[in-house]
Amino acid sequence: MQVIQEKLADPNVNLVGLLRDPDQRANLTHLPVIVIVPGGSYTHIPIEQAESLALAFAGHGFQAFYLNYSFISDFQPLHLHPVYELGLAIKTLHQHALDWHIDPNQITAAGFSAGGHVVALYNDYWHDQVATQLQVDSADLKLANVILSYPVISPLLGFPTTEATLAQWTDDPDVLAAEQHVNKNNRPTFIWATTDDPVVPAKNSLAYANALATANIDYELHLFQHGPHGLALANAQTAWKPDANQPHVAHWLSLALEWLQAQKATD
């Protein structure tokens, strides 16, 4: 497996990839892609967790990447900077489809917590605001699917909890309320969370799922009864405390993989 790092903007904004050569005996020439967009409250990225998530998908046949994006320490307010940076990452994947053995029609972005906010907003804005900002044809920004894991959806739905933090995010909260901007161009979306998440309330996931349903966008929603915030793989590998090892919730990965396979069958 080859590890690459592709600079996207300033030195701190980059795309890290775990690339494998396709198995010719399995008649594979180009592989599906997963782009992990980690959480961290827009203040940091848990790199070890991002690597574990990327490796988990790599083990299931994906060319796996994770995105290092801008924080509130880089821009205040942060606005949509991370969303545009995800756009740069998707554009880069399309450009390197041949040499990275990528199927450009099978790129999925998977966001976790604040990274879920980035991905949800990208899902809303890729075809217009992101394309205009980056001066890129929207075809080079298109995803096949979206995965949202215990996502922040709107700063008006319980996270962040202080006005001071919200001011670091934006001076126009409605722009960052992803459920308000779902439209016909949104991509099929898989969402999972826990109903007793003490940091990002599950009503975030419910609001986005409801907006997708209203817009007639394909989606699948799983709300597990218990689990702390930041579960990642929800197993011993990523458990940051004993209660973060949740075997039942850990089924989310198998469910997501099955859903992705089903999406390919309906393309």
**Q.** Minimum-distance pair of heavy atoms, taken over all atoms of Arg20 and Ala58
**A.** NH1-O, 3.1 Å

Please list, one pair per line, the donor and acceptor atoms closer than 3.5 Å that link side chains of residues 217-230 to other protein atoms, with sequence neighbours excluded.
from	atom 1	to	atom 2	distance (Å)
Glu220	OE2	His222	NE2	2.7
His226	ND1	Asp196	OD2	2.5
His226	NE2	Asp243	OD1	3.1
His226	NE2	Asp243	OD2	3.0
His229	ND1	Asp197	OD1	3.3
His229	ND1	Asp197	OD2	2.7
His229	NE2	Ser113	OG	2.7

Q. Can you tell me how far NE2 of His30 sits from NE2 of His101, rounded to the nearest 0.5 angstrom?
A. 7.0 Å

Q: Indicate the atoms forming the closest heavy-atom contact of Thr238 with Leu231, along with that distance.
A: OG1-O, 3.2 Å

Q.
Using the side-chain contact (heavy atoms from CB on, under 4.5 Å) criterion, which residues pair with Asp172? Sequence neighbours excluded.
A. Thr170, Asp174, Val175

Q. Do the side chains of Val146 and Leu148 get nearer than 4.5 Å, heavy atoms only?
A. yes

Q. Does any donor atom in the side chain of Asn14 or Tyr69 lie under 3.5 Å from an acceptor atom in the other side chain?
A. no

Q. Taking only residues two or more places apart in sequence or in another chain, which ones pass side-chain contact (heavy atoms from CB on, under 4.5 Å) with His94?
A. Ile90, Pro104, Ile107, Asp140

**Q.** Ala54 to Leu18 - nearest heavy-atom pair and separation
**A.** CB-CD1, 3.8 Å

Q. Taking side chain as C-beta onward, heavy atoms only, is Leu67 less than 4.5 Å from Leu8?
A. yes

Q) Linking I/L/V/M/F/W/Y whenever any side-chain heavy atoms sit under 4.5 Å apart, do Val83 and Leu157 land together? A) no

Q.
So does Leu143 get a backbone contact from the side chain of Arg187, meaning a donor-acceptor N/O pair under 3.5 Å?
A. yes

**Q.** Residue pair Trp192 / Leu255, side-chain heavy-atom distance below 4.5 Å
**A.** no

Q) So, the side chain of Asn204 versus the backbone of Ser154: is there a donor-acceptor pair under 3.5 Å, distance only? A) yes

**Q.** For Thr162, all residues meeting side-chain hydrogen bond (donor to acceptor under 3.5 Å, both in side chains), sequence neighbours excluded
**A.** Thr165

Q: Indicate yes or no: at least one non-hydrogen side-chain atom of Leu233 is less than 4.5 angstrom from one of Leu53.
A: yes

Q: Output all residues satisfying ring pair (Phe, Tyr, Trp, His ring centres under 6.0 Å) with Phe62, sequence neighbours left out; order by chain, then residue number.
A: Phe57

Q) Under the side-chain hydrogen bond (donor to acceptor under 3.5 Å, both in side chains) test, which residues partner Ser70, sequence neighbours left out? A) Glu85

Q: Dump the intermediate steps for side-chain hydrogen bond (donor to acceptor under 3.5 Å, both in side chains) on Tyr208 and Asn186, then the final yes or no.
A: CA-CA 11 Å; Tyr208 202 70; Asn186 280 61; 3.1 Å; yes

**Q.** Spacing of CD belonging to Gln95 relative to CD belonging to Glu6, to within rounding of 0.5 Å
**A.** 8.5 Å

Q | Main-chain N/O of Gln129 paired with Gln133 side-chain donor or acceptor, under 3.5 Å | A | no

Q: Spell out, yes or no, whether Trp240 and Trp252 are grouped together once hydrophobic residues are joined by side-chain heavy atoms under 4.5 Å, including indirect joins.
A: no

Using residues 33-50 as the side-chain source, report each donor-acceptor pair under 3.5 Å to any protein atom, sequence neighbours left out, with the distance given to one decimal.
from	atom 1	to	atom 2	distance (Å)
Tyr42	OH	His117	ND1	2.9
Thr43	OG1	Gly40	O	2.9
His44	ND1	Gly40	O	3.1

Q: State the CG-CG distance between Leu31 and Asp103, to the nearest 0.5 angstrom.
A: 8.5 Å

(Q) What's the separation between atom CG in Asn183 and atom OG1 in Thr214, rounded to the nearest 0.5 Å? (A) 12.5 Å

Q. If every non-hydrogen atom of Val182 is compared with every non-hydrogen atom of Ala215, which pair is closest and at what distance?
A. CG1-CB, 3.8 Å

Q: Indicate, with yes or no, if Ile102 and Leu98 share a hydrophobic cluster defined by side-chain heavy-atom contacts under 4.5 Å among Ile, Leu, Val, Met, Phe, Trp and Tyr.
A: no

(Q) What verdict does the side-chain contact (heavy atoms from CB on, under 4.5 Å) test give for Ile191 and Leu212, after you've listed the backbone C-alpha separation in whole Å, the side-chain angles of each residue and the deciding distance to 0.1 Å? (A) CA-CA 11 Å; Ile191 310 169; Leu212 292 168; 4.1 Å; yes

**Q.** With sequence neighbours excluded, residues passing side-chain hydrogen bond (donor to acceptor under 3.5 Å, both in side chains) with Tyr66
**A.** none

(Q) Tell me every residue that passes ring pair (Phe, Tyr, Trp, His ring centres under 6.0 Å) with His181, counting only those two or more places apart in sequence or in another chain. (A) Tyr125

**Q.** Contacts of Trp259 that satisfy ring pair (Phe, Tyr, Trp, His ring centres under 6.0 Å) - sequence neighbours left out
**A.** Phe190

**Q.** Trp100 ring center near Phe65 ring center (under 6.0 Å)
**A.** yes

Q. Under the side-chain hydrogen bond (donor to acceptor under 3.5 Å, both in side chains) test, which residues partner Thr189, sequence neighbours left out?
A. Asn123

Q.
So Val3 and Leu19, do their side chains get closer than 4.5 Å, heavy atoms only?
A. no

Q) Asn245 and Ala236: which non-hydrogen atoms are nearest, and at how many Å? A) OD1-N, 3.5 Å

Q: Report the distance from atom CG of Leu93 to atom CD of Gln106, rounding to the nearest 0.5 Å.
A: 13.0 Å

Q: Treat each ILVMFWY residue as a node, draw an edge where side-chain heavy atoms are under 4.5 Å apart, and state whether Leu156 and Leu80 are in one component.
A: no

Q. Going from CD on Glu258 to NE2 on His251, what distance comes out if it is rounded to the nearest 0.5 angstrom?
A. 10.5 Å

Q: For the residue pair Asp128 and Asn185, establish whether any side-chain heavy-atom pair is separated by less than 4.5 Å.
A: no

Q. Does Trp126 reach the side chain of Ser138, with side-chain heavy atoms less than 4.5 Å apart?
A. yes

(Q) For His81, give me all partners under ring pair (Phe, Tyr, Trp, His ring centres under 6.0 Å), at least two apart in sequence or on another chain. (A) Phe75

Q. Which atom names give the shortest non-hydrogen contact between Leu176 and His79, and what distance separates them?
A. CD2-O, 4.1 Å

Q: Would you sort out whether Trp169 and Val152 count as a side-chain contact (heavy atoms from CB on, under 4.5 Å), showing the intermediate values?
A: CA-CA 13 Å; Trp169 287 25; Val152 176; 4.2 Å; yes

Q. With side chains defined as the heavy atoms from C-beta onward, is the minimum distance between Val130 and Tyr122 less than 4.5 Å?
A. yes

